[in-house]
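To start, the structure under review is shown below, and the notes come after it.
Because only heavy atoms are used, hydrogens play no part in the values below, and waters and symmetry mates are left out as well, while side chains stay in.
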Amino acid sequence: MENSFFKIIKKPIFWILLLALALRLFGVTYGFPLFLVKDEPTLVYGALKMAELKTLIPAFHQEEFQKVLYYPPAPSYFYLVTLSPFIGFHYLFSGASSLAEYKDLLALDPSFIWVIARVFTVLLGVLNIFIIYLLAKKIFKSEKAGFFAALFLALSFYHLQLSHVIRHWLFATVLIYIVWLLAAKIAEGESGAKTYLLAGTILGISVGGVNTASIVAAIPLVLAHFFQPTPASFWKKIMDRRLILSLLAFLLIAVAFVALYPYGFTRAEGAVSPGADVIQRFSGLSQKSISGLAEFLGFYAKLLTRYEIILFAFALLGIAIALFKKKRQLVLVAGVYAFACFTLLYLFFNPIPRGLIFVLPLSAVFAGFALEWIFEQIKAKIRIQALASVLSGIVVLGVFGWPLVFDIRYDWLILQPDTRIAAREWVFKNIPENTKILADSQYLRFINTKTGIRELERIDPSSLRAADYALLRMPEERYP
């Protein structure tokens with residue numbers, strides 16, 4: 001047991017993952033008890049609503065879930081499983097006399113739930129980095145390329161940023177790159193039905209996270225199947241039972257997720273059903289153009305050169321080296337995948353920085369390959385080992401030093417007090433009790449008086465929060 005532990009900590013990947021974990025844990029409580037992004041409440045409230053109504057099928061309580069969950073339900077299932085033990089433990093030691101009283105306590109301050117949920121998001125980010133290590137190692141048959149790929153992604157600014165908050169994008173990204181890893185195995189031509197079945201299952205689950213994720217994740221899987229070195233004809237590959245099994249698993253799970261919560265697939269934009277949502281989105285394609293797509297791609301190119309310039313530059317170098325080394329199929333699959341990601345975003349979504357998360361891990365794979373190639377060149381051209389080691393160390397510091405400083409600076413900033421909290425505290429200290437105020441934010445979570453809550457209920461009943469109802473039920477002697 002002791003020897004196994006020392007073997008683990010001697011591996012560079014252990015320290016890379018530890019660095020990634022530390023960078024992502026710092027600032028994990030930023031903004032609480034206020035929310036940072038709108039996705040955080042919906043994904044966790046979806047899980048809490050399942051627990052409250054004792055159901056795993058939101059479709060049976062569509063009206064209740066529409067108030068809290070406007071995304072597909074897979075991330076909420078994830079948080080239901082991961083949060084439930086902590087909520088149970090917290091309930092036992094909360095001092096609440098009943099479950100109803102405990103629910104009121106959570107409504108007034110649910111911070112601990114969101115801290116734990118963010119920690120699990122951090123762990124998803126670290127898992128994604130480990131998967132990229134395995135993927136680069138498998139594709140290029142080099143552990144060093146895997147180490148560098150993992151380090152590039154560990155220090156990626158956008159990956160770090162999305163690992164700090166509860167969003168479905170990182171959840172979907174982890175699923176996409178599990179499929180990439182399985183596709184790399186399939187491309188070698190030695191995969192059985194279990195690998196295909198697992199890939200199809202993961203694809204189906206990804207529909208319940210970000211539905212476009214399943215489309216882009218299918219690209220490496222399908223192309224790997226047709227590129228694998230077997231004498232079978234194209235038609236036989238189409239009719240391969242393993243591929244059909246994978247497709248069936250995908251379709252069954254995808255349909256199940258749509259049936260479990262149809263509203264989550266309408267994006268809450270007015271469509272009455274998933275089918276109507278699809279029609280509504282396709283009707284907007286008439287406004288799209290090639291020049292619009294070029295402008296859209298330019299938007300992401302600017303983001304990469306501004307915030308991920310080192311990762312981007314090494315990824316381009318890695319692609320060039322891969323072409324030089326006749327790894328054309330790999331570059332083709334990566335190119336089709338990346339182009340599909342951005343094209344789908346352009347056609348059916350809008351330009352958002354977090355859209356980069358689908359391609360950053362793949363960029364890290366090529367960047368790791370490029371840096372490993374540079375190290376091999378140093379080793380081959382400089383015969384004096386000590387000098388080669390010093391030069392290699394300088395290269396590592398030069399490549400990763402700036403992203404590390406950038407990330408530490410970001411972590412320092414999110415350790416500073418949130419300006420909304422500063423404003424909230426100023427109101428508490430400087431405005432007399434029972435004063436009527438108009439707040440321009442639903443997330444400031446001011447404590448209203450019972451009289452004020454009842455007045456608000458009379459004006460607009462739909463504006464009351466769970467915390468407001470909890471305050472109405474609270475005895476005067478315990479009123480905050």
Side-chain angles (χ1 to χ4, degrees), residues 33-35 37-88 90-91 94 96 98-114 116-117 120 166-168 171 205 207-211 253-277 280 442-443 445 448 453-454 456-474:
L34 312 178
F35 297 121
V37 294
K38 288 186 176 181
D39 289 353
E40 291 197 295
T42 190
L43 297 177
V44 175
Y45 277 146
L48 297 180
K49 184 61 71 174
M50 290 178 194
E52 179 188 359
L53 299 178
K54 299 180 178 62
T55 183
L56 294 176
I57 307 177
F60 289 166
H61 306 270
Q62 193 103 314
E63 289 187 10
E64 290 287 334
F65 277 92
Q66 283 182 14
K67 299 174 184 176
V68 296
L69 181 61
Y70 48 82
Y71 283 131
S76 291
Y77 287 126
F78 170 76
Y79 288 113
L80 176 66
V81 171
T82 53
L83 293 177
S84 291
F86 295 94
I87 294 173
H90 187 262
Y91 170 61
S94 66
S98 66
L99 184 58
E101 183 182 343
Y102 179 68
K103 286 167 61 178
D104 285 348
L105 289 174
L106 286 186
L108 291 171
D109 186 8
S111 295
F112 96 93
I113 294 177
W114 268 268
I116 296 169
F120 276 106
I166 305 160
R167 297 193 108 140
H168 56 317
F171 176 86
I205 295 172
V207 171
V210 178
N211 43 23
I253 296 172
V255 169
F257 270 115
V258 174
L260 284 167
Y261 190 47
Y263 180 77
F265 293 85
T266 65
R267 296 294 304 279
E269 293 179 3
V272 296
S273 68
D277 181 72
Q280 183 176 304
Q442 58 180 314
Y443 295 122
R445 299 182 69 88
N448 202 346
I453 295 172
R454 291 192 181 100
L456 185 61
E457 185 178 24
R458 179 180 58 81
I459 298 170
D460 182 11
S462 64
S463 66
L464 263 63
R465 308 163 299 154
D468 294 320
Y469 289 112
L471 289 169
L472 285 176
R473 290 188 291 265
M474 186 168 289

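For the pair I205 and F257, the tightest heavy-atom approach, listed with the atom from each and the gap, is CA-CE1, 3.7 Å. Y71 and T42 make their closest contact through CD1-CG2, 3.8 Å (heavy atoms, listed as atom of the first residue, atom of the second, distance). Considering all non-hydrogen atoms of both residues, A59 and A259 come closest at CB-O, 3.5 Å. The heavy-atom pair separating V207 from F265 by the smallest distance is O-CE2, 3.4 Å. When all heavy atoms of A74 and G209 are compared, the closest pair comes out as CB-N, 3.8 Å.
The salt bridge (Lys or Arg N to Asp or Glu O under 4.0 Å) search around E64 returns K49, not counting sequence neighbours.
Taking 4.5 Å as the limit, some side-chain heavy atom of F78 sits within range of a side-chain heavy atom of F171. For the pair Y102 and H90, the minimum side-chain heavy-atom distance is below 4.5 Å. At least one side-chain heavy atom of Y77 sits less than 4.5 Å from a side-chain heavy atom of P58. Looking at L56 and L80, their side chains come closer than 4.5 Å, going by heavy atoms from C-beta outward. Contact check for Y79 versus I113: no side-chain heavy atoms found under the 4.5 Å cut-off. Within the 4.5 Å cutoff, side-chain heavy atoms of Y261 are placed close to those of Q66.
The CD1 atom of I116 sits 10.5 Å away from the CD1 atom of I166 when rounded to the nearest 0.5 Å. The distance from the NZ atom of K67 to the NE2 atom of H61 is 13.0 Å, given to the nearest 0.5 Å. Distance check: F60 CZ to T55 OG1 gives 6.5 Å after rounding to the nearest 0.5 Å.
Side-chain N or O atoms of S76 include one that pairs as donor or acceptor with a backbone N or O of L43 at under 3.5 Å.
In this structure, Y45 and W114 have perpendicular ring planes: the angle between them is above 60°, well past the 30° mark.
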